[in-house]
Each structure stands twice: as C-alpha cells, then as structure tokens.
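The structure under discussion appears below in the form of structure tokens.
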Amino acid sequence: MYSQGLIGAKTETTEDEAFLAAFQRRIDAEEKIEPNDPMPEGYRRTLIRQIGQHAHSEIVGMLPEGNWITRAPSLRRKAALLAKVQDEGGHGLYLYSAAETLGVSREQMTEELLAGKAKYSSIFNYPTLTWADIGAIGWLVDGAAIMNQIPLCRCSYGPYARAMIRVCKEESFHQRQGYEIMMTLANGTPEQKELAQDALNRWWWPSLMMFGPHDSDSQHGDQSMRWKIKRFTNDELRQQFVDSTVPQAEFIGLTLPDPELKWNEERGHYDFGPIDWDEFWRVVKGGGPMNKERLEARQKAWDEGAWVREAALAHAEKRKARREAAKMAAE
Ligand code: BYC
C-alpha cells in the first residue's frame, strides 16, 4: 500500500471530481476532517508527510539541546532545560500518534527517517557550540516554531489541530526560557554579551530558513493552503517572525546580523536581506554540519531501544492471552 514511500506526497489524484468537490466543500465550511472520514489520497499523504516530518523534528530537535543538559550553568537552568527537552519528546509522541490515525505506523515513519527519505527541520543540523546557543534556540527556534504552529491549531485535520494546542502552550514556555537566557547574558559581562551576540549571529539565518522555501518555490504550499492544512504561506510566516523578533532584539541590546534589515513604512513590515537558499538546500539534502551525527544518534537510540519495543510487545501479547483465557473460563 505504501510502495511509493510516505514522503513526496502526490497531490494530484485520480479520484472522481464529485468526491473531490464534496471534500473541498467540507474544508471551505471549516469542518474538521477526522480519521475515519473519506479523504482524497493526496490530502492523506500530505498530512503523513508533514506530520511525520514535524514529529521527527521534535525528536531530532532534542539532540542539540540535550548536548548542554550536563553543562547547564545552574540548577535552575538545568531543571528548565530538562523540562523543555522532555516536552519535545512528548510533542514527538503526540505527533507520531496523530500521523498514525492516517494509517501509517511509527515504525514505518522512523524507518524512512533513518533511511534518509523523510525530512526533519533543517535547523537541527547546526551545532550548539556554547551555552548561549541554548538561549538562541529557545528564543529564535521556538519563536519560529510558535509562529508556524499557532495557525496549525486551526488545521483542517482534527487530530493534528488538537495536538498543536498543547504543543503551542509548551512552546510558549520554551520561547520565554530562551529569551530570558539571552536577556541575562546580554545584560551580563562583556564576554557574556559577546557569547549571546555570537549565538544570535549563527542562529538568525537558519531560523529564517525554518519557514521553508520562498512561496514561489514551495512545491506543496498552494494545495496545502486550499486544503487548509496551512493557513499562511511560508513567506507570510517568515515576515511575521521578523517583524516580531526585531523589537525583541532591540530590547535586549543585541543586533540582528542583517545590514539590510530596515522598517518599510509603506509595507508596514521590516525588509530583510536575501536568504542563502543554497545553504538551505545543502542542509536539507544531508550536507549540513550535523546531519550525519543527528541520524547516527537516532539510529543508535533505535537500535538500543529494540529490546524495549520487543518487551512491550511480548507483555501486550501475554496480557491479551491472559484476558482471553479468563474470558473463556467465565463462559
Ligand atoms: N527543513 O513545499 P514546501 C520545533 C521541505 S520542531 C527541512 O514549502 P510544505 C522544535 C519540505 O518538506 C518544529 N525541509 O513544503 C523542536 C518539502 O520537501 P518534501 C518543526 C524543509 O510542507 C525541538 C520541500 O522542502 N516544525 O519546534 O508545504 C527544539 C518544499 O517545501 C523545510 C514543523 O515541522 C525545513 N525547514 O511547508 C526546538 C512544522 N522547509 O517533503 C523546537 C510543520 C521545507 O516534498 N511543517 N522543507 O520532500 C510545516 O509547517 C511545513 O511542512 C513547512 C514546509 C512550512 C515546514
């Protein structure tokens, strides 16, 4: 059934026009689509692709920050970071469960990730070199994630939309913990301020890339907007992110690394410089600084967790057999 793989969702279908039109009417009427509802194959595959990629991003996204748990500068920072990374594991699980409602298993999704076929967010292929990177990730990466995920709470697919509500509440705490780390460093010694500025310089452009290619190069964008999976385009969300982040940087006295960043009175938005799309595609295709390490870490976790999965399955089978035996005895 999944011989084409889960990714590269085909949005063109051979389904009959009346069915597609009726489905579109439900979408246009803002009805939520639920797991057992009839849906076009392209809609189902698009969601599996996007939700799967989103789940993988959460799980792979635990790695750069996990790198600093043992080196957090105080007990308070360590407790907050631990809680944040744990939340990300939870987000991954809600998202894998949401994707499973579309008829794909977590094992299949993981296999595609480990085979390098399923994507995860480009941002997690960069290294966390200093403690300030933890601040920059919370502030910028979680800030970008919130901008992208708040509209997903209104996504047409019910299980994804509902998962996003809790995820967004937690992301909001993540963003604040990051911004507070940056604020503390920016108001600290000159060396601390320099660490914060250096982290901002390295994470700013990759954070803008998180929103995906320009709308003109966004292969799935138009169809996903029509299906109300996406509510805003990649460029619209990127612009909202820039507009809301500039004053936050000014407030803590840090400079965004973009000489072309300038308020445009006419547009009512900030203009910003060109994004290096060659770098984006290189990272997406596996050539980023940490792609290899990230997949190796996930492969190791998958291999070392095999006994847990086997034990859980054996336990479930035993319980089922016991329940059946008890049922037979009662009859
Ligand atoms: N990285 O047609 P487009 C977090 C791919 S984790 C890699 O515009 P679409 C956190 C795209 O998949 C939050 N690949 O696609 C965790 C497509 O390739 P395929 C992560 C990217 O789907 C821990 C191709 O480029 N958030 O918050 O309409 C710690 C063309 O793109 C990227 C989500 O996953 C990228 N950045 O729009 C801290 C949100 N961008 O699949 C924080 C859910 C694009 O055809 N996802 N590509 O091979 C979405 O909202 C959408 O999928 C995107 C892309 C906006 C990302």
Side-chain angles (χ1 to χ4, degrees), residues 5-11 45-67 81 84-92 95 98-99 112-113 116-126 128 133-134 136-153 155 157 160 163-164 167-168 170-175 177-178 203 205-227 229-238 241 275 277 279-286 288 291 294:
L6 308 169
I7 51 166
K10 283 200 167 60
T11 46
R45 292 175 65 83
T46 295
L47 282 165
I48 290 177
R49 180 185 61 79
Q50 178 168 328
I51 304 173
Q53 172 184 306
H54 196 161
H56 298 325
S57 302
E58 296 283 355
I59 299 297
V60 177
M62 297 168 78
L63 297 169
E65 291 169 296
N67 181 37
L81 182 59
K84 178 183 193 289
V85 173
Q86 207 166 311
D87 283 351
E88 281 148 10
H91 298 173
L95 286 160
E112 296 223 330
L113 170 73
K117 289 190 205 156
K119 293 190 169 71
Y120 58 90
S121 184
S122 49
I123 193 78
F124 301 116
N125 293 307
Y126 292 86
T128 38
D133 289 20
I134 300 306
I137 291 182
W139 174 30
L140 302 174
V141 176
D142 288 275
I146 294 173
M147 209 49 99
N148 164 276
Q149 288 170 177
I150 293 276
L152 289 175
C153 297
C155 158
Y157 188 57
Y160 192 25
M164 279 300 110
V167 169
C168 283
E170 293 176 351
E171 298 289 20
S172 164
F173 149 66
H174 297 172
Q175 197 268 354
Q177 72 87 43
W203 288 92
W205 291 105
S207 298
L208 296 192
M209 294 173 195
M210 272 180 82
F211 292 93
H214 276 317
D215 294 349
S216 50
D217 297 319
S218 166
Q219 183 189 335
H220 308 290
D222 290 346
Q223 181 60 70
S224 287
M225 293 282 285
R226 272 197 295 279
W227 276 330
I229 293 171
K230 285 164 89 164
R231 296 283 178 159
F232 295 97
T233 70
N234 299 355
D235 285 331
E236 284 167 347
L237 291 172
R238 189 169 12 247
F241 174 73
I275 292 172
W277 292 112
E279 173 180 327
F280 172 75
W281 289 114
R282 195 167 57 246
V283 172
V284 168
K285 289 179 184 153
N291 292 63
R294 299 297 183 234

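Both ligands and their constituent atoms are indexed starting at 1 by order of listing.
With respect to His91, the side chain to side chain contact (heavy atoms under 4.5 Å, CB included) criterion is satisfied by exactly one of Glu170, Met164, Gln86: Glu170.
Note: an N/O pair closer than 3.5 Å links Met210 and ligand 1 by distance alone. Considering backbone and side-chain atoms together, Glu88 places no N or O closer than 3.5 Å to any N or O of ligand 1. Ligand 1 has no nitrogen or oxygen under 3.5 angstrom from a nitrogen or oxygen of Lys84. Considering backbone and side-chain N/O of Asp142, none are found under 3.5 Å from N/O of ligand 1. An N or O contact shorter than 3.5 Å is missing between Tyr160 and ligand 1 by distance. At under 3.5 Å, not a single nitrogen or oxygen of Asp217, backbone or side chain, sits near a nitrogen or oxygen of ligand 1. In terms of polar-atom proximity, defined here as any N/O pair under 3.5 Å, Trp281 makes no such contact with ligand 1. Taking only nitrogen or oxygen atoms, main chain and side chain alike, Ser224 does not reach within less than 3.5 Å of ligand 1. No N or O atom of Glu65 sits closer than 3.5 Å to an N or O atom of ligand 1.
Heavy-atom minimum distance, Pro151 versus Asn148: CD-O, 3.4 Å. Annotation for Ala55 and Gly92: closest pair CB-O, 3.9 Å, computed over non-hydrogen atoms. Nearest approach of Glu88 to Lys84, heavy atoms of both residues: OE2-NZ, 2.7 Å. Closest approach of Phe280 to Gly212, counting heavy atoms only: CZ-CA, 4.3 Å.
Of all atoms in ligand 1, listed by their number and element, those nearer than 4.0 Å to a heavy atom of Lys119 are 5 (C), 12 (O), 14 (N), 18 (O), 19 (P), 48 (O). When each atom of ligand 1 is checked for a heavy atom of Tyr120 under 4.0 Å away, the hits are 1 (N), 7 (C). Residue-ligand proximity, Glu171 to ligand 1, at heavy-atom distances under 4.0 Å covers atoms 27 (O). Those atoms of ligand 1 with a heavy atom of Gln219 less than 4.0 angstrom away are 2 (O), 45 (O). Contact atoms of ligand 1 toward Lys230: 8 (O), 9 (P), 28 (O), 37 (O) (distance under 4.0 Å to a heavy atom of the residue). Proximity to Gly212 (heavy-atom distance under 4.0 Å) selects the following atoms of ligand 1: 40 (N), 44 (C). When each atom of ligand 1 is checked for a heavy atom of Pro213 under 4.0 Å away, the hits are 8 (O), 30 (C), 31 (O), 44 (C). Listed by atom number, the atoms of ligand 1 under 4.0 Å from Gly61 heavy atoms are 23 (C), 29 (C).
A perpendicular orientation is assigned to the rings of Tyr160 and His54, their planes being inclined by more than 60° (bins at 30° and 60°).
Between Gln50, His54, Glu170, it is His54 that holds the heavy atom closest to atom 34 (O) of ligand 1. The option from Phe280, Phe232, Phe211 that lies nearest to atom 21 (C) of ligand 1, judged by heavy atoms, is Phe280.
The structure places CH2 of Trp139 at 9.5 Å from OG of Ser207, a figure rounded to the nearest 0.5 Å. The distance from atom SG of Cys155 to atom CZ of Arg231, rounded to the nearest 0.5 Å, is 7.5 Å.
At a heavy-atom distance under 4.0 Å, only side-chain atoms of Phe124, from C-beta outward, approach ligand 1. For Met62, no heavy-atom contact with ligand 1 is shorter than 4.0 Å. The proximity of Met209 to ligand 1, defined as any non-hydrogen pair under 4.0 Å, is limited to the backbone. Counting heavy atoms under 4.0 Å from ligand 1, residue Asn234 touches it through the side chain alone.
Under the 4.0 Å criterion applied to side-chain N and carboxylate O atoms, Asp235 and Arg238 are assigned as salt-bridge partners.
The closest donor-acceptor contact from the side chain of Thr128 to the backbone of Asp133 lies at 3.5 Å or more, if one exists at all. Ser57 places a side-chain N or O within 3.5 Å of a backbone atom of Ser121 that can act as its donor or acceptor partner. In this structure, the side chain of Asp217 does not engage the main chain of His214 through any donor-acceptor pair within 3.5 Å.
Between the side chains of Gln223 and His220, not a single donor N or O lies within less than 3.5 Å of an accepting N or O.
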